[in-house]
Every structure is written in C-alpha cells, then in structure tokens.
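Accompanying notes for the structure given below.
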Amino acid sequence: MRNVIEAALATVAAFLVFTLLGRISASLVLVVNVFSVLVVYYAVLKGEIFGAVLGSACGLIQDSFSLGVFGVGGLSKTVLGFLAGYISRKIHVVPFFRNLVFIFILGILELAIWLGLYSFIFSERPLMRNGLILIQPIVTALLGSLSLYLQRRIQSRKN
Amino acid sequence: MPLFENDKKNFVIFAALIIIQMILISIQVPVGSGRSHFKSAVFAVFSPLQRGAAGFARNVSDAWHDYFDLRGIRAENQKMKKEVFFLRQENKLLKDAVGFSRDSRKFEESLGRLDRSFVVARVIGVDAGNYFKSVTINKGTRDGVTNNLAVCDRKGNLVGRTIEPVSPKEACVQLVTDNDCGVSVVSDTDKIVGILSGDGQGHCRLNYVVATTRGGAVGENLLTTGFDRIYPAGLKVGKILDISEESSLFKRILVEPSFTFSELDQVAVILANLQDSF
C-alpha cells in the first residue's frame, strides 16, 4: 500500500513538473518526458507489474492532456514499464553506465511504439521539431539512471 | 519452476493491460467518432493541479519581472496614457458611426450584450503529444465556457476553438494549427474562399481552392467567413506564405497563422457571436 501511495504522489509530482516545463517552453515537453523517467524508475525498483500498471496510468494521464486517441501513450508506457522491470530482473543493470544504455534502448523502443501508433492512427507526421523529439530517449536515460543512482546511494547510506 | 510460474502470471497481467489499451484505442477509431468519459474524468481530476502549478509559476515569474519593470514604469505609463487617449477617441468615433445607422435604443442593447460577450483566460498547459494541437485554459463551464466557442489572442487573431473536455474551471482549446481543425476563411484582397486546417507542425494549409481559381497572392491575409457557424466572421487567421500549383485538382497553399505560439499566454473566449449584436 505504501508503494502505491508513494507512486501516486510521484505521479502527481511528475504531472506538476510536466506543467511547469510546458509553461517555460513547449519544446521542453518534447525533450523531457517526465512520465517515462518515473515509469522506468519504479519499474526497475518494484518490478514489471508495478511498472506496467504505473506505465498505463501515466500514459493515460498524458493522453488526457492531448488531442486525439486516448490510449496511445498508455500502451507505449505499459510496454516500457513492463520491459524495464522484467529485463532489469533478468540482467544486471545496476552500474551507472550499463543502466544508462539500458534505459536509452527502452526509451528508443517507447518512442518508436508511440511514433508508430501515432502515424498509423492519425495518418499524419508527428511533431519532430527538427529532430528535437529524438533527444527524448537520451534525456530519459540520463534522468532515469541518475535518479536510480541517487536512490541506491541514499539506500546504502541508510543501511 | 515457481519462477517460471511467476513470469507466466506477470505476462498474463501485461497482456491484459495491453488488450485494455487496444480496446480503448479501437473504440475511438476513426478519430473523433466518440468522446471518452474516462478521458474527461482524468482531465477533470488533473486539470486543477495544472491550474495550480501554472499559477505558481506565473506568480514567481511576475514577482521577478515586476522588480525589473519598475525601472521603466514611468515611460511605459506615459505611453499607455497616450494609447488609451487614442483608443477612447477611436471608440467614440466607432460608436457614433454605428449609432447613426441604428435605432439608439437597440444600439444600447447591443452594446450591453457586448459587455459580457467574452471571457479572458490564461493558458495553463500545452498538449502532451503535439503542442501545436491544443492548449488548456483556466476558464470552464462556471465562467460560461462551453465547447465550440472561438478563442482569440491578445491582438484579436484567431487561435482556435474550445472543445471537449470542458470542466467547471478548465477547458481545452483546439488550435488552428491542428490537422483536424477546419475554419472557413476568405482572403482579404482576392476573396478566395477555402477551408483552413493546420499541418501539425506550426503552419496551416488552405484547402479546397480549385487550381483554376484566379487570384490569391503571397502575403494576403485570411479572415474568417462565419459560414462554419463556430467562428465569428472577420477574425484574422493568417497570412499566405506560399502557393504552389501542382497537377492536382486543388492549389497547395501554405499559411502562417496570425497568432504566435510562444506568446500565447492570455486569450479571449468569445461567448456570443458578435455578428448577431450588430
């Protein structure tokens, strides 16, 4: 129960960050996907089911503040959450650099699913802004691996 | 084996989640065929948070700017006084001009209706998928905002229209730069009529202008016609950027929208059709 409350509060915080980024500059929303960082973080820590459910919730919140089909973001983030939790349980991704590469690959996969579904359903070109959106997996990987690194440091100090 | 069993259970849950999302997507395709109540509910829950965060950011930014603005306040005050003087004169002349051609009592009634004909709102959020598609504003049904109302920027240029979801204190605005938007427009010089829609990349296209149509030049302004019964006639929408005549039936006309996305902070929602007042 504590985990669920913690994740719910983190989701609200991610939504607030998303709003603030949008107010600073709309392009920042393209580059920094706060919800993806949150999903990867919790999926690695709590497992694939937690990641998939949180991915669904975060994706649907993101879709609620976007025109068009409700569920495209939900689906891509569900896959992201599940794979992040499942693979991190099967292979050792704790070291910072390995974690960075791991999240970067997942970020590319999530973006590919989202772009694919978006183009297929809407039959239109997604907003690329001269390839700015392609930076998103790098930023997700950096923020995700950094937050997991910090979490491990804090945890080891407590112990 | 127990580990495998656990994996199997997890994969079943994952598959169930994927199927739910697929069903959610498929009931809405083709796009626009139905409105999701679930989406409206999530919007209603989270939009007040967005409103709070945007308000906080604005207050911090205002406090910072106020400090620097104090320096140039005297010069700006003088400039604004001068501007108000000219606007008053212009307003008086316009009132007189309309008053001559109308019965004075009816004219006063029309002016009274104009007083509450629009609501000023602030943009509190951008579209999470493509920011040229929609924005969220901080006015909703409590302020008289419903869907299908025209929205203009500070200078009176058309920004878009309100669409569902509209919650009591927040509403979604579909921008003219969205692909699914459709505005009936006419060019101000050659009177070319067409349907304007966005390209989802920050520009618009003027559609259904037959290749044999004469006139139309780069730089011409496009104004709403009011034929669509959503947007009042005469609002400035954009300027023709490029015209190319391909071998197809219609001309390919690229339009630059009149509003600037980065300056989209305060907007006006037009509650009544001003055309009906005069």
Side-chain angles (χ1 to χ4, degrees), chain A residues 11-12 15-30 33 35 47-49 51-53 55-57 59-79 81-83 85-86 89-90 114 117-118 121-129 133, chain B residues 7 9-11 13-14 17-18 20-32 36 38-43 45-47 49-54 56-58 61 123-136 163 165 172 174-175 178-180 199-202 261-262 264:
Chain A
T11 307
V12 170
F15 181 75
L16 295 178
V17 173
F18 158 75
T19 303
L20 291 177
L21 290 177
R23 292 308 299 137
I24 296 165
S25 168
S27 300
L28 278 175
V29 176
L30 272 189
N33 195 329
F35 293 110
E48 61 263 39
I49 291 304
V53 174
S56 292
L60 292 178
I61 291 167
Q62 197 178 316
D63 285 337
S64 300
F65 288 85
S66 174
L67 280 195
V69 178
F70 186 59
V72 174
L75 191 108
S76 57
K77 283 201 171 33
T78 305
V79 175
F82 185 82
L83 290 181
Y86 186 76
R89 209 157 48 79
K90 300 285 174 191
W114 187 83
L117 281 169
Y118 190 94
I121 294 168
F122 292 103
S123 304
E124 68 185 43
R125 205 156 46 96
L127 183 66
M128 301 294 280
R129 288 313 257 179
I133 198 168
Chain B
D7 272 1
K9 196 180 114 195
N10 288 350
F11 272 108
I13 296 171
F14 174 59
L17 280 171
I18 293 291
I20 292 169
Q21 311 272 1
M22 290 286 214
I23 293 169
L24 258 178
I25 293 171
S26 57
I27 55 172
Q28 299 163 79
V29 175
V31 179
S36 167
F38 189 45
K39 182 176 179 173
S40 303
V42 178
F43 182 86
V45 171
F46 279 88
S47 53
L49 287 173
Q50 194 170 41
R51 184 192 174 93
F56 172 75
R58 197 177 56 246
S61 164
V123 174
I124 56 169
V126 295
D127 191 296
N130 178 340
Y131 52 80
F132 287 124
K133 276 183 170 285
S134 69
V135 291
T136 311
I163 52 160
C172 192
Q174 180 188 39
L175 303 176
D178 177 30
N179 302 52
D180 297 323
D199 66 354
Q201 308 288 321
F261 185 86
S262 55
L264 213 55

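Values reported hereafter were calculated over all heavy atoms of this structure, with side chains retained and with hydrogens, waters and symmetry mates removed.
Within the 4.5 Å cutoff, no side-chain heavy atoms of A:Val79 are placed close to those of B:Gln21. At least one side-chain heavy atom of B:Tyr131 sits under 4.5 Å from a side-chain heavy atom of A:Leu30. The shortest distance between side-chain heavy atoms of A:Thr19 and B:Leu49 does not fall below 4.5 Å. By the 4.5 Å heavy-atom criterion applied to side chains, A:Thr78 and B:Ile20 are not counted as neighbours. Under the 4.5 Å side-chain criterion, counting only non-hydrogen atoms from C-beta, A:Glu48 is in contact with B:Asp7.
Shortest non-hydrogen contact noted between A:Trp114 and B:Gly129 is CH2-O, 3.6 Å. Residue A:Tyr118 comes nearest to B:Lys133 through the heavy atom pair OH-CE, 2.9 Å, listed as atom of the first residue, atom of the second, then distance. When all heavy atoms are compared, the tightest approach of A:Ser66 to B:Ala128 is CB-N, 4.1 Å. Of all the heavy atoms in A:Arg89 and B:Asn10, the pair that sits closest is NH2-ND2, 4.0 Å.
Top candidate by heavy-atom pairs under 4.5 Å with chain B, chosen from A:Ala52, A:Gly47, A:Ser56, is A:Ser56. With respect to chain A, the highest number of heavy-atom pairs below 4.5 Å among B:Ala57, B:Ser134, B:Ser262, B:Cys172 belongs to B:Ser134. Residue with the most contacts toward chain A among B:Ile163, B:Val126, B:Asn130: B:Asn130 (heavy-atom pairs, distance under 4.5 Å). Contact count against chain B (heavy-atom pairs under 4.5 Å) is highest for A:Ala26 among A:Ala26, A:Gly71, A:Gly22.
Using a 4.5 Å cut-off between heavy atoms, B:Phe261 touches chain A through its side chain atoms alone. In this structure, no portion of A:Val17 lies under 4.5 Å from any heavy atom of chain B. Heavy atoms closer than 4.5 Å to chain B are found nowhere in A:Ile24, neither backbone nor side chain. Only the side chain of A:Tyr86 comes within less than 4.5 Å of a heavy atom in chain B; its backbone stays farther off. When heavy atoms are compared at a cutoff of 4.5 Å, B:Ser47 approaches chain A by way of both its backbone and its side chain. Contact of B:Asp178 with chain A is made through the side chain alone, with heavy-atom distances under 4.5 Å. Looking at A:Phe65, both its backbone and its side chain come within 4.5 Å of chain B, counting heavy atoms on both sides. Contact of A:Ile61 with chain B is made through backbone and side chain together, with heavy-atom distances under 4.5 Å. Neither the backbone nor the side chain of B:Val135 comes within contact range of chain A; no heavy atoms are under 4.5 Å apart. In this structure, the portions of A:Leu75 lying under 4.5 Å from any heavy atom of chain B include both its backbone and its side chain. Within the 4.5 angstrom heavy-atom criterion, no atom of A:Ser25 approaches chain B.
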Checklist entry - What do the steps show when you test B:Leu24 against A:Asp63 for side-chain contact (heavy atoms from CB on, under 4.5 Å), and what is the final call? => result CA-CA 11 Å; B:Leu24 258 178; A:Asp63 285 337; over 6 Å; no
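Note: B:Leu175 CG to A:Leu67 CG = 8.0 Å, rounded to the nearest 0.5 Å. From A:Leu16, atom CG reaches atom CZ of B:Phe46 across 9.0 Å, with rounding to the nearest 0.5 Å.
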